[in-house]
Chemist: 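Could you have a look at this structure, given as structure tokens, before my questions?
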2 protein chains.
Amino acid sequence: MEKSDRAQQSQRALMGVRDLIVSGEIRAGSRLSEVALAEKLGISRTPLRAALARLGQEGLVDTIPSGGYAVRRFTREDVIDAIELRGVLEGTALRLAAERGVAPARMGDLHRLLVELDTTLRGTVEVMDFDRYVDLNAAFHERLWGLASQTIRREIERVTSLPFASPSAFLDKQADVPAFRRSLYGAQAQHRAMVNAIEMREGARAESLAREHARLARQNLEHVLDEDRSLIRRVPALSLVMG
Amino acid sequence: MEKSDRAQQSQRALMGVRDLIVSGEIRAGSRLSEVALAEKLGISRTPLRAALARLGQEGLVDTIPSGGYAVRRFTREDVIDAIELRGVLEGTALRLAAERGVAPARMGDLHRLLVELDTTLRGTVEVMDFDRYVDLNAAFHERLWGLASQTIRREIERVTSLPFASPSAFLDKQADVPAFRRSLYGAQAQHRAMVNAIEMREGARAESLAREHARLARQNLEHVLDEDRSLIRRVPALSLVMG
DNA sequence: TTCTTGCAAAATGTATACAACCGGTGTTCA
DNA sequence: TGAACACCGGTTGTATACATTTTGCAAGAA
């Protein structure tokens with residue numbers, strides 16, 4: 001065991017199992033055999049069990065009453081509620097930030113990100129810098145989370161650890177689809193409005209905007225599930241969703 | 001290892017460590033030595049580490065960058081935000097229940113609990129059945145949580161696993177204080193209003209009521225911290241709060 | 001056929017051994 | 001005198017052995 005391996009087997013286990021689940025290599029509902037997984041990942045059962053316990057807390061696997069874990073099955077309602085929950089929590093973060101005030105330096109960061117996001121949307125839908133928008137969008141949301149206290153940030157991060165509840169869930173490179181691209185213009189308008197609401201100390205408005213902003217993800221979800229199911233494969237996290 | 005001990009050492013470890021922390025036997029900020037704890041609880045390090053990892057997820061202990069865990073220090077703001085978060089999440093549960101509708105049987109359960117809660121408040125402040133109210137109150141809130149989907153219920157349960165964020169945090173037997181007793185009449189009125197709002201499908205009202213209801217806990221907290229610090233000892237969870 | 005019963009293989013939960021690492025202390029050298 | 005360094009106790013992270021339980025399956029009886 002080398003120096004750089006310290007506390008790293010657990011990390012490998014966590015990422016490895018998560019990847020196996022999200023990629024769909026292990027079907028939803030199937031039991032996770034510790035020995036098989038440990039062998040597959042080339043680690044022992046101890047760090048693997050730690051990873052499984054953590055994934056249980058994250059909600060990606062269920063604990064079986066008689067022992068062990070199984071890949072959780074997500075219904076459409078589960079996904080919708082996870083997205084709703086993200087909206088509620090981000091909304092709370094923004095409301096409290098607006099009510100309590102934010103240091104100017106942080107507002108400056110947000111403004112800079114807004115400007116950068118705008119530049120990626122300059123051109124037409126076809127030529128816009130989609131990849132760069134995705135990165136900046138993730139950074140923007142993380143800055144928003146940073147406005148909240150540790151207690152609230154923890155919950156946001158837990159909820160968004162579900163792959164389909166993250167702000168980037170439908171914005172991966174694989175999911176570069178015209179319908180999703182078009183939604184970015186409205187999303188960016190909401191970004192600006194959210195920052196403005198915080199600056200104006202309009203807590204309720206900030207909260208409402210964050211909730212509505214998360215609804216974009218729900219729209220994208222419903223577009224995939226109801227109108228163009230061929231896209232399911234493009235959004236990896238959705239392999240977990242049944243019917 | 002006997003039959004009934006299966007998967008029970010982990011439970012004992014979890015409850016044991018949590019108790020040591022909440023009771024204040026281990027000071028906030030101090031490091032948790034695995035070997036010492038394991039010996040103290042009479043178990044091996046393996047289930048103990050599982051318990052510590054879980055407490056880390058719950059937010060009761062922090063992970064130390066160089067390895068291991070320490071009892072988390074909670075500021076007053078941490079506690080306030082945890083209570084606020086409970087209000088937000090319970091509010092979301094109620095709003096969604098109101099918007100989506102609730103099966104009559106469940107509403108019946110809630111009404112029965114309301115009636116029982118009322119009976120405990122019949123007499124004067126001095127003779128009311130405080131202990132019974134506490135139990136019924138906990139049951140009532142759990143029923144409310146049951147109205148939400150699994151995804152949301154999970155988060156509620158995680159947040160309320162912090163001892164001072166639970167609906168019963170300031171209603172333990174030890175915390176039987178006139179100021180807290182008096183707040184129960186208003187609380188019960190809010191209970192009735194919340195159920196009514198759900199029945200009337202008034203989602204926004206239900207959400208607001210749940211948030212305001214959680215504020216009672218904040219009032220009690222501030223009463224303890226600002227007006228009668230001698231009560232800190234009566235509310236065990238507050239031994240974790242610094243300054 | 002279908003349900004019950006017994007058994008064996010596999011899986012989990014726990015204990016323990018081992019290796020790497022962190023922090024502090026004493027020593028040594030400039 | 002002070003700083004660098006080597007070492008050592010104590011601690012965590014990992015691997016593995018072991019005991020008990022779960023479970024799938026086959027055989028037998030109703």
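Chain naming here is simple, since letters A, B, ... match the order of the sequence lines and numbering starts at 1 in each. Everything quoted here is computed from the prediction, not taken from an experiment. Only heavy atoms go into these numbers, but all of them, side chains included; no hydrogens, no water, no symmetry mates.
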Chemist: Taking atom types as modelled, find out whether R158(A) and Q57(B) have a side-chain donor-acceptor pair closer than 3.5 angstrom.
Modeler: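 Per modelled atom types, R158(A) and Q57(B) side chains form a pair under 3.5 Å.
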
Chemist: Should R49(A) be listed as having a side-chain N or O under 4.0 Å from OP1 or OP2 of dT12(C)?
Modeler: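 No, R49(A) has no side-chain N/O under 4.0 Å of OP1/OP2 on dT12(C).
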
Chemist: Could you check how far CG of L48(B) sits from P of dT14(D), rounded to whole Å?
Modeler: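 Rounded to the whole Å, the gap is 16 Å.
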
Chemist: How many whole angstroms separate atom CG of L14(A) from atom P of dT14(D)?
Modeler: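 The distance from CG of L14(A) to P of dT14(D) comes to 12 Å, rounded to the nearest Å.
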
Chemist: Going through the distances and angles, do R143(A) and L147(A) end up as a side-chain contact (heavy atoms from CB on, under 4.5 Å)?
Modeler: CA-CA 7 Å; R143(A) 292 297 171 105; L147(A) 300 180; over 6 Å; no

Chemist: Using whole Å, report how far CG of L52(B) lies from P of dT11(D).
Modeler: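 Interatomic distance, CG of L52(B) to P of dT11(D): 14 Å.
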
Chemist: Please compare I43(A) and I64(A) by the position of their nearest nucleotide in DNA chain D and report the one closer to 5'.
Modeler: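 Checking each residue's closest nucleotide, the 5'-ward one belongs to I43(A).
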
Chemist: What integer distance in Å separates R31(A):CZ from dA9(C):C1'?
Modeler: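 Distance check: R31(A) CZ to dA9(C) C1' gives 14 Å.
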
Chemist: Looking only at side-chain N and O atoms, does S10(B) come under 4.0 Å of OP1 or OP2 in dT14(C)?
Modeler: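 It does, given that an N or O in the side chain of S10(B) lies less than 4.0 Å from OP1 or OP2 of dT14(C).
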
Chemist: Within the structure shown, what part of the strands sits under 4.0 Å from L37(B) by heavy-atom distance: base, sugar-phosphate, or nothing?
Modeler: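 The answer is nothing, as L37(B) stays clear of every strand by at least 4.0 Å.
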
Chemist: Could you give me the CA-CA distance, side-chain angles and deciding distance for D81(A) and R100(B), then say whether salt bridge (charged side-chain N to carboxylate O under 4.0 Å, His left out) is met?
Modeler: CA-CA 12 Å; D81(A) 277 11; R100(B) 298 172 179 175; 2.8 Å; yes

Chemist: Between Q8(A) and dG13(D), is there a contact of a side-chain N or O with OP1 or OP2 at under 4.0 Å?
Modeler: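 For dG13(D), neither OP1 nor OP2 has a side-chain N or O of Q8(A) closer than 4.0 Å.
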
Chemist: For the pair made of CD in Q11(B) and C1' in dT14(C), what is the distance, rounded to whole Å?
Modeler: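 Spelled out: CD on Q11(B) to C1' on dT14(C) is 15 Å.
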
Chemist: Any N or O donor-acceptor pair linking the side chain of S33(A) to the base of dA11(C) at under 3.5 Å?
Modeler: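 Absent.
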
Chemist: Hey, does the side chain of D78(B) reach the backbone of T75(B) with a donor-acceptor pair shorter than 3.5 angstrom?
Modeler: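 Such a contact is found between D78(B) side chain and T75(B) backbone.
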
Chemist: In whole Å, I'd like the distance from the CD atom of Q9(B) to the P atom of dT12(C).
Modeler: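 In whole Å, dT12(C) P lies 19 Å from Q9(B) CD.
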
Chemist: Atom CG of L41(B) to atom P of dA15(C): distance rounded to whole Å?
Modeler: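 In whole Å, dA15(C) P lies 11 Å from L41(B) CG.
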
Chemist: Grab the CD-P distance between E39(A) and dT14(D) for me, whole Å please.
Modeler: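 That distance rounds to 19 Å.
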
Chemist: So which one's nearest nucleotide on DNA chain D is more toward 5', R45(A) or R45(B)?
Modeler: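 The 5'-side residue here is R45(B).
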
Chemist: Are OP1 or OP2 of dA15(D) and a side-chain N or O of S44(A) less than 4.0 angstrom apart?
Modeler: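 For dA15(D), OP1 or OP2 has a side-chain N or O of S44(A) closer than 4.0 Å.
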
Chemist: Any non-hydrogen side-chain atom of R211(B) less than 4.5 Å from a side-chain atom of E90(B)?
Modeler: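 A side-chain contact under 4.5 Å is absent here.
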
Chemist: For the base of dT12(D), is there a side-chain donor-acceptor partner from S66(B) under 3.5 Å away?
Modeler: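 Result: no qualifying N/O pair found.
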
